[in-house]
Amino acid sequence: MSLQWSSLLGGLGLFLWGMHMLSQGLRLAAGAALETVLARATGTRWRGLLSGAVTTAVVQSSSAVTVATIGFVNASLLTLGSAVWVLFGANLGTTATGWIVAFAGLKLDFSLLALPLIAAGAAFRLIGGKRGLAAWGEALAGFGMLFYGIVLMQSGFADLSAQWQIPQAAGVPGMALQTLAGLAMTVVMQSSSASIAIALTAAQSGLIDITGAAAVVIGANVGTTVTAVLASIGATPNAKRVAAAHVLFNVLTAVAAFVVLPWLVPGIVSTLAWIGHTESAVTTLAIFNTLFNVLGILLIWPMTGWLTVWLQTRFVADVSQGAKPQFLDQTTLPLPGLAVRALGSELARVLLLARQCVRLTLSPQADSPHKAEPLRLDLKRLLQASETFVDQMNRVEIDEITAQKLADLLRVRRYLDNVLEGEREIEGLPDELASLTGQANPALYAPYQQYLSVFSQVLGDRESAETRTQAEQAFEQGYQSLKAALLKAGAAGSYRLERMETALQRASTQRRTLQQLLKAEHWLAQTRADVDSDIESDADTDTDSNSDTESDNLA
């Protein structure tokens, strides 16, 4: 008995690990293709469904597609209205696993091919280094492990079928228990594919009837929502909305499937028998899994508009909590490309805060330090959050192009950190420049007013690169004029040297802080443009569903 259970549990372990390797390898091999395919899903419902289904079937991971969808919604490349259809398509795409297991894994003898596939995949992984060949090798080895796991599970179930039977209850209570069993298995193993594989092999071995196995499949589909719910805890509002849409769809689909289960399964069996299909158990379950996901799509189709509007009113971010990251969603970490996009979007928010802080250093009002301090605290917290996010990114494999973009964003973050340091230094200096706002000393008043004017121009909105360059040149001239006027006043004795030194130090720190801010702005704009071009250059320009504009992404 122990050997039989070892074969069963060992096969399950190999199946789970094979699924992980297959998914990871295909994602790395595909590179930006996953993002490109999903970026095209900005048009009709059909395109969203197709993108979600095809991508999920290819990478064998609905979690990866869900993460990518969240990333695109957060980056405003995908509206919530389009995103929900990608998610519905992803649910349909997960049924491909059942077909692979049912048609190939249980009908064909892969026991002779599994080990050679693992060996070939391992060889490619070793000789491939960081090239695409290594990723394909990982996927190939995962494919072999997946099917070898099925072989072991088949063997274990076959041996157990003669000695042990799964308790089965008739009617609705029995189906409910079996549905809960499928849900529990998926939650524990974090894989609906594994639960479905168990149901298929158990049904084939006679440990459970077809209707019971179908109920397990229903529960497995509901169990996938637990991962999304857990991932959305503490996440951005968009991530929570996507997770909510995922839960609502799967629950609705499960309820509908449970209601029609007593009639749908016999109908499929009868149809297969009518066309002369003799081995109907595994095929019946694969068909059932596909049909009830299609049924769920048909049921939710007329409700999608209402659902999107309702979701947009849920999980609204508290704009008063400026220090809370809005784009650094942990669920994007498995996909470095999307994680880099999220980091760029968050640094754009940090840049806005930094600009406000720098602007307040020009204010002669007595309460300006009290206004600047909360902004500096927000700036510090967001920079710390971005540092933590990058540390977490470094735990996954990143391709060379994405690594370069991340390096550029780290440069931006460093510049913004320098801005924060400059702000602290300015705060510690007496505001000697504020005394120049009066006209008691005309020789200093005029250059200081000019300095304030060109400083404000640089901080203001500039429409073109030429305008930006002109504003920065004007600021440099204004700073040099103020510096010369202060030195001249000190030399003439009309301005005390101590006051002159303090004023020069404050102006110099303001200038250095502004330069760091401008460098951050330049590098951030360039890096985000490069990131966007990788996806948007191939993305479709359809705007059929662009009316679902997000309202809580801080500009």
Side-chain angles (χ1 to χ4, degrees), residues 75-76 340-341 343-364 372 375-376 379 382-383 386 401 404-423 425-426 433 436-437 444-488 503-534 536-537 554-555:
S76 299
V340 167
R341 292 188 61 85
L343 179 62
S345 298
E346 197 62 50
L347 288 178
R349 294 184 66 232
V350 178
L351 183 64
L352 288 179
L353 288 175
R355 288 168 69 89
Q356 294 177 45
C357 288
V358 174
R359 184 176 287 109
L360 283 177
T361 65
L362 299 178
S363 175
L375 291 178
R376 278 197 293 270
L379 190 59
L382 288 175
L383 286 172
S386 66
I401 296 177
Q404 181 58 51
K405 293 170 184 174
L406 178 59
D408 292 340
L409 289 179
L410 290 178
R411 181 196 296 265
V412 173
R413 188 194 172 281
R414 180 58 185 163
Y415 287 141
L416 291 173
D417 197 49
N418 290 340
V419 171
L420 179 60
E421 290 299 321
E423 284 290 316
E425 185 177 343
I426 291 171
L433 291 173
L436 305 180
T437 55
L444 293 177
Y445 175 77
Y448 180 59
Q449 292 302 310
Q450 177 64 19
Y451 172 78
L452 289 178
S453 175
V454 293
F455 202 123
S456 299
Q457 288 178 13
V458 175
L459 286 175
D461 295 329
R462 290 147 294 158
E463 296 180 355
S464 64
E466 182 179 358
T467 304
R468 288 195 297 270
T469 302
Q470 292 174 353
E472 292 168 15
Q473 291 175 347
F475 165 74
E476 185 62 25
Q477 293 173 359
Y479 167 76
Q480 295 297 338
S481 297
L482 175 62
K483 179 180 178 180
L486 285 168
L487 291 170
K488 185 176 181 180
L504 282 172
Q505 187 177 1
R506 188 177 181 90
S508 176
T509 306
Q510 284 180 334
R511 172 187 179 229
R512 186 173 65 252
T513 303
L514 180 61
Q515 288 174 338
Q516 294 295 302
L517 182 70
L518 294 177
K519 288 180 179 179
E521 185 181 66
H522 166 75
W523 279 95
L524 182 61
Q526 178 176 312
T527 305
R528 294 188 76 189
D530 291 342
V531 172
D532 289 342
S533 65
D534 288 344
E536 292 178 338
S537 60
L554 185 61

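The figures that follow rest on heavy atoms only: side chains count, while hydrogens, waters and symmetry mates do not. The first residue of the sequence shown is numbered 1, and numbering continues consecutively from there.
- Closest heavy-atom contact between Val458 and Ala471: CG2-O, 3.3 Å.
- Checked against salt bridge (Lys or Arg N to Asp or Glu O under 4.0 Å), Arg359 has no partners two or more places apart in sequence or in another chain.
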Worked verdict on Arg511 versus Leu514 for side-chain contact (heavy atoms from CB on, under 4.5 Å): CA-CA 5 Å; Arg511 172 187 179 229; Leu514 180 61; 5.8 Å; no
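- Closest non-hydrogen pair, Leu383 versus Leu420, comes out as CD1-CD2, 4.1 Å.
- You'll find the side chain of Leu351 stays beyond 4.5 Å of the side chain of Val412, heavy atoms only.
- Taking both residues in full, the closest heavy atoms of Gln510 and Thr361 are given as NE2-O, 3.0 Å, listed atom of the first, atom of the second, then distance.
- For the residue pair Gln480/Glu476, the side-chain donor-acceptor check at 3.5 Å is satisfied.
- Asp417 places a side-chain heavy atom less than 4.5 Å from the side chain of Arg414.
- Gln516 and Asn418 make their closest contact through OE1-ND2, 2.8 Å (heavy atoms, listed as atom of the first residue, atom of the second, distance).
- Contact check on Glu425 versus Arg512 returns a salt bridge, with a Lys/Arg side-chain nitrogen under 4.0 Å from an Asp/Glu carboxylate oxygen.
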Working for side-chain contact (heavy atoms from CB on, under 4.5 Å), residues Ser345 and Arg349: CA-CA 7 Å; Ser345 298; Arg349 294 184 66 232; over 6 Å; no
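- Between atom CG of residue Leu452 and atom CZ of residue Phe475 there is a gap of 10.5 Å, rounded to the nearest 0.5 Å.
- Leu343 and Ser386 make their closest contact through CD1-CB, 3.9 Å (heavy atoms, listed as atom of the first residue, atom of the second, distance).
- The shortest side-chain heavy-atom distance between Ser453 and Gln449 does not fall under the 4.5 Å cut-off.
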side-chain contact (heavy atoms from CB on, under 4.5 Å) between Leu459 and Leu517, worked out: CA-CA 9 Å; Leu459 286 175; Leu517 182 70; 3.7 Å; yes
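- With sequence neighbours excluded, the residues satisfying side-chain contact (heavy atoms from CB on, under 4.5 Å) with Ala507 are Leu433, Tyr451, Tyr479, Leu482.
- Note: Leu352 CG to Arg355 CZ = 7.5 Å, rounded to the nearest 0.5 Å.
- Rounding to the nearest 0.5 Å gives a distance of 10.0 Å between CG of Leu353 and CG of Leu416.
- Qualifying salt bridge (Lys or Arg N to Asp or Glu O under 4.0 Å) partners for Arg411, counting only residues two or more places apart in sequence or in other chains: none.
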Val454/Gln477 under side-chain contact (heavy atoms from CB on, under 4.5 Å): CA gap, chis, key distance, verdict: CA-CA 9 Å; Val454 293; Gln477 293 173 359; over 6 Å; no
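- Of all the heavy atoms in Leu409 and Leu524, the pair that sits closest is CD2-CD1, 3.8 Å.
- Residues Leu518 and Glu521 meet the side-chain proximity criterion, which asks for heavy atoms closer than 4.5 Å.
- Counting only distance, with no hydrogens or angles, the side chain of Thr513 and the backbone of Thr509 share a donor-acceptor pair below 3.5 Å.
- Thr527 contributes a side-chain N or O that, together with a main-chain N or O of Trp523, makes up a donor-acceptor pair within less than 3.5 Å.
- Residue Lys488 holds its NZ atom at 10.5 Å from CG of Leu444, rounded to the nearest 0.5 Å.
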